[in-house]
Visitor: 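Once you've had a glance at the structure underneath, I'll fire off some questions.
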Amino acid sequence: AARVSFLLNDADVAVSNTLADEVIASWRGHGAEVTVEVLPFSRYLPHDIINHRERGADVDLVHAILIDMMSGND
């Protein structure tokens with residue numbers, strides 16, 4: 001892939017952002033254009049950030065970010 005996008009959630013304890021950073025560096029090292037958006041810890045968003053039934057999720061925020069990323073507006 002020539003272009004890859006990541007949406008990271010600093011409050012997510014189920015996913016290692018350190019490992020994600022290593023994957024991002026690897027993609028970039030292979031010439032991919034990598035876009036990274038980070039949801040700040042201060043939002044206290046849960047792991048399942050796109051499920052409207054997930055307690056504490058902000059799907060309006062996340063969906064808007066994802067749409068922008070997919071549209072190339074990031």
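Every value quoted in this text rests on a predicted model; they were computed, and no experiment measured them.
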Visitor: When clusters are formed by joining ILVMFWY residues with side-chain heavy atoms under 4.5 Å apart, either directly or through shared neighbours, do Leu45 and Val15 land in the same one?
Guide: no
Visitor: So which heavy atom on Asp12 is nearest to which on Ala14, and how close?
Guide: OD1-N, 2.7 Å
Visitor: In this structure, would Met70 and Ile49 fall into the same cluster of hydrophobic residues linked by side-chain contacts under 4.5 Å?
Guide: yes
Visitor: Going through the distances and angles, do Val4 and His30 end up as a side-chain contact (heavy atoms from CB on, under 4.5 Å)?
Guide: CA-CA 12 Å; Val4 181; His30 286 91; over 6 Å; no
Visitor: According to ring-ring contact (aromatic ring centres under 6.0 Å, His included), who are the partners of Phe41, at least two apart in sequence or on a separate chain?
Guide: Tyr44
Visitor: Can you find a heavy atom in the side chain of His47 that is under 4.5 Å from one in the side chain of Asn9?
Guide: no
Visitor: Looking only at non-hydrogen atoms, find the nearest pair between Arg3 and Met69 and report the distance.
Guide: NH1-O, 3.9 Å
Visitor: So does Leu8 have more than 12 non-hydrogen atoms from other groups sitting under 6.0 Å from CG?
Guide: yes
Visitor: Quick one: CG on Leu7 to OG1 on Thr35, what's the gap to the nearest 0.5 Å?
Guide: 11.5 Å
Visitor: Provide the closest heavy-atom pair for Ala32 versus Ala1 in the form atom of the first, atom of the second, distance.
Guide: CB-O, 3.8 Å
Visitor: Do you know the tightest heavy-atom contact between Pro46 and Glu54?
Guide: CG-CG, 3.4 Å
Visitor: Please tabulate, for side-chain N and O atoms in residues 56-64, each donor-acceptor pair with protein atoms closer than 3.5 Å (sequence neighbours left out).
Guide:
from: Asp58; atom 1: OD1; to: Leu61; atom 2: N; distance (Å): 3.2
from: Asp58; atom 1: OD2; to: Arg43; atom 2: NH2; distance (Å): 2.5

Visitor: Nearest 0.5 Å please: distance from the CG atom of Asp21 over to the OG atom of Ser26.
Guide: 12.5 Å
Visitor: Would you say Val23 ends up clustered with Val34 if hydrophobic residues are merged whenever their side chains have heavy atoms under 4.5 Å apart, either directly or through other cluster members?
Guide: yes
